[in-house]
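Just below is one structure, and these are the notes that go with it.
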Amino acid sequence: MPRIGHEELKMEGLDVHNPYPPPTDTHSMYSHAEESDGDSGVCGTILMGLSWVLIIFTLPFSLCVCFKVVQEYERAVIFRLGRLMSGGAKGPGVLFILPCIEIYTKVDLRSCVYDIPPQEVLTKDSVTVSVDAVVYYRVSNATISVANVENAHHSTRLLAQTTLRNTLGMRPLHEILSDRDTISSSMQITLDGATDAWGIKVERVEIKDVRLPVQLQRAMAAEAEAAREARAKVIAAEGEQRASRALREAAEVIGDSPAALQLRYLQTLNTISAEKNSTIVFPLPIDLLTYFVKAREASSK
């Protein structure tokens with residue numbers, strides 16, 4: 001493809017950094033049709049006259065064809081000889097349609113819900129997940145939704161699937177699992193801006209479920225279990241450390257008072273006798289054993 005130089009772009013009146021022309025305003029593209037709605041030409045005038053003649057000669061049967069009812073939640077976009085009628089969409093109520101020269105399209109303005117099928121998404125940290133979401137949208141401008149796009153609902157649904165994959169593909173797995181509200185808001189803003197030219201208003205986007213592969217679930221479960229065991233060991237070690245400090249302080253208190261050791265011994269005997277009556281515990285002083293050990297070492301020399 002040949003490259004366009006800066007001088008040629010300036011001669012054409014385009015921006016050097018953005019050579020593509022800006023999109024046309026969706027509301028102004030119908031202004032010409034509305035202004036020229038009354039000027040249908042000679043052929044159009046003749047066809048309108050023939051249509052009225054047909055209606056008059058086929059009365060009252062023609063009234064069944066000419067009168068149309070539009071519900072409160074609907075709007076009718078009318079085309080006369082291929083041109084949009086002035087005034088925008090019509091309704092609700094009873095409309096009068098000229099046969100043969102006017103056609104109309106009903107547009108439902110109620111909110112629609114689209115359940116996005118599960119999408120296989122490769123996250124930023126190269127993890128494959130299956131994500132499904134729900135999109136709530138409605139038609140905000142019936143005229144634009146008919147004239148600007150062939151099928152506004154189908155286009156919105158396809159764009160929602162693509163936006164879901166693109167948005168999640170730029171985020172790591174931990175953000176997808178923890179920041180669902182932020183991702184939903186980002187998707188809603190992106191979809192709403194893209195579908196504004198189609199007359200569609202995206203009201204809400206919600207991520208329903210994020211399914212991980214079985215191997216990844218097992219790995220995450222093993223990681224969580226290992227983390228819990230590590231925290232349990234740390235807590236147990238801290239408990240042992242505090243207990244040893246308390247025992248050292250207790251030993252210092254008992255060492256200062258020999259009577260306290262005797263009282264502790266009696267308390268221990270009382271506790272043992274309450275559970276095991278046939279067990280007798282006799283404390284053996286460590287100093288006595290030390291004396292015998294030293295005496296044996298002296299005799300061996």
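All residue numbers in this chain count up from 1 along the given sequence. On a predicted model such as this, the values are computed, not experimentally measured, just so you know. Only heavy atoms go into these numbers, but all of them, side chains included; no hydrogens, no water, no symmetry mates.
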Stepwise side-chain contact (heavy atoms from CB on, under 4.5 Å) test for Ser140 and Arg138 = CA-CA 6 Å; Ser140 60; Arg138 60 179 175 85; 4.0 Å; yes
ask   = Given the rule in the side-chain contact (heavy atoms from CB on, under 4.5 Å) test, do Ile103 and Ile78 qualify, once you have shown the distances and angles that lead to the verdict?
value = CA-CA 6 Å; Ile103 60 174; Ile78 304 175; over 6 Å; no
Ser186 side chain vs Thr182 backbone, donor-acceptor pair below 3.5 Å = no
request  = Enter the distance from Met187:CE to Asn166:CG here, rounded to the nearest 0.5 Å.
outcome  = 9.5 Å
ask   = Are Tyr114 and Tyr137 near enough that their ring centres are under 6.0 Å apart?
value = no
task = Find the distance between CD1 (Ile183) and OG1 (Thr167) and round it off to the nearest 0.5 Å.
result = 8.0 Å
query = Is there a side-chain contact between Gln119 and Asp132 (heavy atoms, below 4.5 Å)?
reply = no
task = Taking the side chain as every heavy atom from C-beta outward, state whether Arg171 and Lys124 have any pair of such atoms under 4.5 Å apart.
result = no
query = For the side chain of Glu102 and the backbone of Leu98, is there at least one donor-acceptor N/O pair under 3.5 Å apart?
reply = yes
key: Nearest non-hydrogen partners of Asp115 and Ala133, listed with the distance   = OD1-O, 3.3 Å
query = Does Arg204 have any salt bridge (Lys or Arg N to Asp or Glu O under 4.0 Å) partners at least two apart in sequence or in another chain, and if so, which?
reply = Glu206
ask   = Do you reckon Ile116 sits in the same ILVMFWY cluster as Leu158, going by side-chain contacts under 4.5 Å, direct or chained?
value = no
ask   = Sub-3.5 Å donor-acceptor pair from the side chain of Ser155 to the main-chain atoms of Ala152, do we have one?
value = no
pair Val113-Val134: side-chain heavy atoms closer than 4.5 Å = yes
key: Leu109 and Glu74, any side-chain heavy atoms less than 4.5 Å apart   = no
key: Euclidean distance, Ile176 CD1 relative to Ile207 CD1, rounded to 0.5 Å   = 7.5 Å
inquiry  = Test of understanding: clusters of I, L, V, M, F, W, Y form through side-chain heavy atoms closer than 4.5 Å, transitively. Do Tyr104 and Leu95 belong to the same one?
reply    = yes
key: Evaluation steps, side-chain contact (heavy atoms from CB on, under 4.5 Å), between His154 and Val149   = CA-CA 10 Å; His154 184 63; Val149 61; over 6 Å; no
message = For Asp209, is the CG atom crowded, meaning more than 12 foreign heavy atoms sit under 6.0 Å from it?
response = yes
task = Could you check Glu203 against Ser111 for side-chain contact (heavy atoms from CB on, under 4.5 Å), going step by step and ending with a plain yes or no?
result = CA-CA 8 Å; Glu203 298 176 338; Ser111 297; 3.1 Å; yes
query = Are Leu59 and Ile101 co-members of a hydrophobic cluster defined by side-chain heavy atoms under 4.5 Å apart?
reply = yes
task = For the residue pair Leu173 and Leu212, establish whether any side-chain heavy-atom pair is separated by less than 4.5 Å.
result = yes
remark   = Correct closest heavy-atom pair for Ala89 and Val77 would be CB-CG2, 4.3 Å
query = Given side chains that start at C-beta, do those of Cys66 and Ile97 come closer than 4.5 Å, heavy atoms only?
reply = no
inquiry  = With rounding to the nearest 0.5 angstrom, report the CD to CG distance, Glu175 to Asp125.
reply    = 9.5 Å
query = How long is the span from the CG atom in Leu164 to the CG atom in Leu159, to the nearest 0.5 Å?
reply = 11.0 Å
query = Is Leu54 reachable from Ile56 through a run of hydrophobic residues whose side-chain heavy atoms are each under 4.5 Å from the next?
reply = no
query = Do His153 and Cys112 come close enough that some side-chain heavy atom pair is under 4.5 Å?
reply = yes
note = Minimal heavy-atom distance between Val202 and Asp192, with the atoms involved, is N-OD1, 3.6 Å
inquiry  = If I take atom CZ from residue Arg157 and atom CD from residue Gln161, how far apart are they, to the nearest 0.5 angstrom?
reply    = 10.0 Å
ask   = Which heavy atom in Ile144 sits nearest to a heavy atom in Trp198, and how many Å separate them?
value = CG2-C, 3.7 Å
ask   = Is the count of non-hydrogen atoms from other residues, nucleotides or ligands lying under 6.0 Å from Glu150 atom CD greater than 12?
value = no
ask   = Does a side-chain heavy-atom distance below 4.5 Å link Glu120 with Thr128?
value = yes
task = Kindly determine whether Lys106 and Asp108 satisfy salt bridge (Lys or Arg N to Asp or Glu O under 4.0 Å), including the steps that lead there.
result = CA-CA 7 Å; Lys106 287 185 180 180; Asp108 196 333; over 6 Å; no
Closest contact, heavy atoms only, Ala76 versus Val70 = CB-CG2, 3.9 Å
request  = Consider only side-chain heavy atoms of I, L, V, M, F, W and Y, link residues closer than 4.5 Å, and tell whether Val121 and Leu177 are in one cluster.
outcome  = yes
request  = State, to 0.1 Å, how close Ser145 and Val107 come at their nearest heavy-atom pair, and which atoms those are.
outcome  = OG-CG1, 3.9 Å
